[in-house]
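Structure first, commentary second.
Numbering of ligands and ligand atoms starts at 1, following listing order.
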Amino acid sequence: MNQVAPIITADAEPLPTPKKVFVKTYGCQMNVYDSQRMSDALAADGYVGTEVMEDADLVLLNTCHIREKAAEKVYSELGRIRDLKNERRAEGRNLVIGVAGCVAQAEGEEIIRRAPAVDLVIGPQTYHRLPDAIRRVRAGGKVVETEYALEDKFEHLPAPARKVVQSRGVTAFLTVQEGCDKFCTFCVVPYTRGSETSRSVAQIVAEAEQLAGAGVREVTLLGQNVNAWHGEGPDGRDWGLGQLLFRLAEIPGIARLRYTTSHPRDMDDALIAAHRDLPQLMPYLHLPVQSGSDRILKAMNRRHTAADYLHLMDRIRTARPDIALSGDFIVGFPGETEEDFADTLQLVREVGYALAFSFKYSPRPGTPGASMKDHVDEAVKTERLVRLQAALAEEQAKFVNSLIGKTISVLIEKPGRQAGQIVGRSPWLQPTIVDESAGRIGDIIDVRVHGTGYNSLFADPI
Ligand code: SAH
Ligand code: SF4
Ligand code: F3S
């Protein structure tokens, strides 16, 4: 590692070399947000971030437990980091290894049993104790932090400094809700993220104002069931996400709002009205359905039918005709027949998704799905996934092609990969490439679409 030479003045103590932390993030946007918060908290303790694992004094893996592959990836990564730790030890130096996120919560001290080089296991509900946990590790010993009191859940880490927010650009995530009470039979999230809890309006508004003050133009509200968010509004009434969005839209500087991920059962009238009446709320909705078969939806404990979902999608489209709809799908849930799968394909065609994510069912330990009968053959799962993804790709292409020739507004986010270009984001999330003379980062400009790539757009300024 390149050591920075200590600065020594005549009568001062040498300044300590800053310690370096490398954070690797797996999984969903909430892990991205949490990783940022962990980095911010460690910065307050004198750590600087590094993009190079080999330079780090502390490696933190922020993990995902959603599918077996995601969880297993962590252990192969830990093998590589153990080798690095051993090399360090031979040089008489230390490397602290921490595992955070949903694998940490799900597996706890089992992680240290399987990967003894790990020093720290910390679950998502206890990140406010991270700096203290690291100090305890440095003092010698292993630390497992996965127990928490419910009221601690939003004991969040301190908000980032203005300069840090600015360095992350003009878009930002803001967690408003965490946890899940839905218990879909395939899913680990209710176990790893605990029960549904909402942050207070005051906390959310304060964080959004701080982001806006640092130049953020677009805020994406996060939650495992973000539309289950509710809280007491300043008017003393119980607010839902719809009312919260209206309040956040009043903050000067915030031009665009988004939220993810929502559950069909929590799409209430106020939220649909926000899509109709709130220009800041972007015309995009990610609303997972998982399957188009009522039999499978029932076995998954989704507690809605395909018809309920289609009806809901119709109401949302009526409220906001230009909305882009997105979803998640699982193929090969136990008991899924060819007929059930055909129902899923049918639903895909009826909705006309602008974007979608699809997965092969992965049995997860401790979930009801894992012990169900009639598991589907791996080869059948693969074959269904290929067919589903082909249908989704067609729908997606239809959507982006429908934008050709249209004038759309983009928020400019960053320089393009090629010189002379900048990249903005369309209202429907497609990266949009424009000539750099079109405007500066943070501007929202009108452009005319002249071409498309795989879920990206090429456009000319007007
Ligand atoms: N809270 C969100 C999604 C959380 S997980 C929601 O309710 O929609 C993101 C996606 O991963 C899910 O929508 C689902 O499609 C997929 N997923 C979850 N568990 C899975 C499993 N065991 N196997 C395969 N895919 C899974
Ligand atoms: Fe998982 Fe279902 Fe909860 Fe989404 S709603 S996080 S899929 S249990
Ligand atoms: Fe994965 Fe946990 Fe997110 S399991 S998808 S990181 S909530």
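For the pair R193 and ligand 2, no heavy-atom separation below 4.0 Å is found. Not a single heavy atom of M30 sits closer than 4.0 Å to an atom of ligand 3. Using a 4.0 Å cutoff on heavy atoms, K360 counts as a contact of ligand 1.
For atom 26 (C) of ligand 1, the protein comes within 4.0 Å by at least one heavy atom.
Aromatic rings of F22 and Y47 (six-membered ring for Trp) have centroids beyond the 6.0 Å cut-off, not under it.
Looking at atom 1 (Fe) of ligand 2, its nearest protein heavy atom turns out to be C187 SG, 2.3 Å. The single protein non-hydrogen atom nearest to atom 3 (Fe) of ligand 2 is C180 SG, 2.2 Å, given as residue, atom name and distance.
Between atom 2 (Fe) of ligand 3 and C102 there is an N/O/S contact shorter than 2.8 Å.
Ranked by closest heavy atom to atom 12 (C) of ligand 1, the top entry among V226, D328, T185 is D328.
Only backbone heavy atoms of F183 (N, CA, C or O) come within less than 4.0 Å of ligand 2; its side chain stays farther off.
Put simply, the side chain of E110 never gets that close to the backbone of E107: no donor and acceptor are under 3.5 Å apart.
Taking every heavy atom of R67 and a limit of under 4.0 angstrom, the matching atoms of ligand 1 come to 11 (O), 16 (C), 17 (N), 23 (N), 24 (C), 25 (N), 26 (C).
Of the polar atoms of V189, none of the N or O atoms is found under 3.5 Å from an N or O of ligand 1, judged by distance alone. Among the atoms of S362, some N or O lies under 3.5 angstrom from an N or O of ligand 1.
Note that R364 lies outside the cation-pi zone of F186, set by a 6.0 Å cut-off to the ring centre and a 45° limit from the axis.
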